[in-house]
Amino acid sequence: MAWNSYGLDREAQKLVLNAKSRSKDSLNQSYKMRMAVAYGLERFWGEHLRLKKKEEEKSKYWKETWDTLVEVMKKAGVELPNDKVSPDDIKAVQKMSEKLWKIPLEDQRVAMAVLTQLCDCIVWWTQRYKG
């Protein structure tokens with residue numbers, strides 16, 4: 001099988017430009033995203049819920065990044081759950097979290113590697129567009 005970049009750099013550029021067009025304050029989330037990758041898919045996904053009520057623009061940036069990961073992984077043949085969840089719906093949050101925990105280990109590893117690269121690209125574009 002040949003290497004496929006799945007357009008991560010282009011997707012990252014779109015994410016950064018979208019975030020910048022809404023609020024320059026959101027761009028600092030890029031570095032937080034890259035650090036959060038180490039904590040796993042469930043925690044990365046859940047961060048948009050934490051930010052939802054108090055920092056809507058930052059929440060959107062996290063959610064758009066997750067949505068992009070889901071689409072990229074589909075191209076790679078890995079299905080990631082992406083239920084629409086309200087932070088106040090505890091049962092829906094728990095259900096989505098359980099789906100993430102049940103992803104086969106090999107698929108988790110691939111998704112984590114792709115998410116890491118996507119976040120690295122996001123950080124790179126952030127550095128270019130921030131100033």
Side-chain angles (χ1 to χ4, degrees):
M1 179 184 278
W3 165 255
N4 187 338
S5 71
Y6 297 102
L8 292 179
D9 198 47
R10 180 172 288 176
E11 294 298 330
Q13 182 186 33
K14 283 189 230 173
L15 288 164
V16 171
L17 290 173
N18 285 343
K20 184 176 181 175
S21 72
R22 287 191 306 263
S23 165
K24 291 180 184 176
D25 293 340
S26 296
L27 290 183
N28 287 335
Q29 294 301 302
S30 302
Y31 305 101
K32 293 176 182 179
M33 286 181 201
R34 180 56 185 89
M35 288 175 25
V37 170
Y39 295 105
L41 296 174
E42 192 276 334
R43 290 185 185 185
F44 189 95
W45 167 80
E47 190 64 10
H48 84 278
L49 296 176
R50 185 184 74 78
L51 294 167
K52 183 87 172 147
K53 288 186 179 180
K54 57 184 178 177
E55 299 179 280
E56 181 69 26
E57 296 307 320
K58 292 177 183 178
S59 175
K60 284 181 185 177
Y61 194 17
W62 282 83
K63 181 64 168 94
E64 287 174 354
T65 300
W66 178 261
D67 292 344
T68 297
L69 175 67
V70 168
E71 291 304 311
V72 168
M73 294 310 299
K74 269 186 201 170
K75 293 177 193 174
V78 175
E79 290 287 327
L80 294 179
N82 196 18
D83 301 352
K84 187 173 183 176
V85 175
S86 164
D88 296 324
D89 187 346
I90 303 303
K91 287 185 181 184
V93 171
Q94 188 173 22
K95 184 178 176 184
M96 178 64 181
S97 295
E98 288 172 8
K99 287 180 180 181
L100 289 165
W101 287 111
K102 289 181 181 178
I103 296 171
L105 187 57
E106 188 61 31
D107 289 349
Q108 285 182 38
R109 287 179 178 153
V110 171
M112 291 294 292
V114 172
L115 181 57
T116 299
Q117 185 61 42
L118 177 61
C119 287
D120 284 349
C121 292
I122 288 171
V123 167
W124 193 91
W125 284 111
T126 297
Q127 290 169 344
R128 297 311 169 279
Y129 293 137
K130 197 172 179 185

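Bear in mind the structure is a predicted one, so any value in this text is a computation, not a measurement. Basis for what follows: all heavy atoms, side chains included, without hydrogens, waters or symmetry-related copies.
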(message) Evaluate Gln29 against Leu51 for side-chain contact (heavy atoms from CB on, under 4.5 Å), listing each step before the verdict.
(response) CA-CA 11 Å; Gln29 294 301 302; Leu51 294 167; 3.9 Å; yes

(message) Once rounded to the nearest 0.5 Å, what's the spacing between atom CG of Asp107 and atom CG of Leu80?
(response) 8.0 Å

(request) With sequence neighbours left out, write down each residue that passes side chain to side chain contact (heavy atoms under 4.5 Å, CB included) with Arg10, or none if nothing qualifies. (result) Lys14

(request) Scan residues 121-131 for pairs that pass salt bridge (charged side-chain N to carboxylate O under 4.0 Å, His left out), counting only residues two or more places apart or in two chains. (result) none

(request) Report the distance from atom CD of Glu55 to atom OG of Ser26, rounding to the nearest 0.5 Å. (result) 8.5 Å

(message) Using the side chain to side chain donor-acceptor pair (under 3.5 Å) criterion, which residues pair with Glu47? Sequence neighbours excluded.
(response) Arg50

(request) Under the side chain to side chain donor-acceptor pair (under 3.5 Å) rule, collect the residues that match up with Ser30, sequence neighbours excluded. (result) Tyr61, Thr126

Side chains of residues 70-78: which donor-acceptor partners sit under 3.5 Å, not counting sequence neighbours?
from  : atom 1 : to    : atom 2 : distance (Å)
Glu71 : OE2    : Lys74 : NZ     : 3.3

(message) Could you work out, with ring-ring contact (aromatic ring centres under 6.0 Å, His included) as the rule, every residue matching Tyr129, not counting sequence neighbours?
(response) Trp125

(request) For Ile90, enumerate each residue passing the side chain to side chain contact (heavy atoms under 4.5 Å, CB included) test, keeping only those at least two apart in sequence or located in another chain. (result) none

(request) Would you give the length of the straight line joining atom CD of Glu64 to atom CG of Leu69, rounded to the nearest 0.5 angstrom? (result) 14.0 Å

(message) Tell me every residue that passes side chain to side chain contact (heavy atoms under 4.5 Å, CB included) with Ser86, counting only those two or more places apart in sequence or in another chain.
(response) Asp88, Asp89

(request) State which residues pass side chain to side chain donor-acceptor pair (under 3.5 Å) with Lys91; sequence neighbours excluded, sorted by chain then number. (result) none

(request) Not counting sequence neighbours, which residues clear side chain to side chain contact (heavy atoms under 4.5 Å, CB included) with Gln94? List them please. (result) Glu98

(message) Check this for me: Lys52, atom NZ, are more than 12 non-hydrogen atoms of other residues, nucleotides or ligands nearer than 6.0 Å?
(response) no

(message) Determine whether Glu57 and Asp25 satisfy the following criterion, side-chain contact (heavy atoms from CB on, under 4.5 Å), listing intermediate values before the conclusion.
(response) CA-CA 9 Å; Glu57 296 307 320; Asp25 293 340; over 6 Å; no

(message) Hydrophobic clustering (ILVMFWY, side-chain heavy atoms < 4.5 Å, transitive) - are Val93 and Phe44 grouped together?
(response) yes

(message) Looking at every heavy atom in both Leu118 and Leu15, which two are closest together, and how far apart are they?
(response) CD1-CD1, 4.4 Å

(request) Under the side chain to side chain donor-acceptor pair (under 3.5 Å) rule, collect the residues that match up with Asp83, sequence neighbours excluded. (result) Lys99

(request) Indicate yes or no: at least one non-hydrogen side-chain atom of Asn82 is less than 4.5 angstrom from one of Lys63. (result) yes

(message) Closer than 3.5 angstrom, by distance alone: can the side chain of Thr116 be matched with the main-chain N or O of Met112 as a donor-acceptor pair?
(response) yes

(message) Please tell me whether Trp101 and Trp45 are part of a single hydrophobic cluster in this structure, the criterion being side-chain heavy atoms less than 4.5 Å apart.
(response) no

List the atom pairs, with distances to 0.1 Å, where a side-chain N or O of residues 32-43 and a protein N or O form a donor-acceptor pair under 3.5 Å, not counting sequence neighbours.
from  : atom 1 : to     : atom 2 : distance (Å)
Arg34 : NE     : Asp120 : OD1    : 2.4
Glu42 : OE2    : Ser97  : OG     : 2.9

(message) Tell me the closest heavy-atom pair linking Met96 and Val85, and the distance in Å.
(response) CB-CG2, 4.1 Å

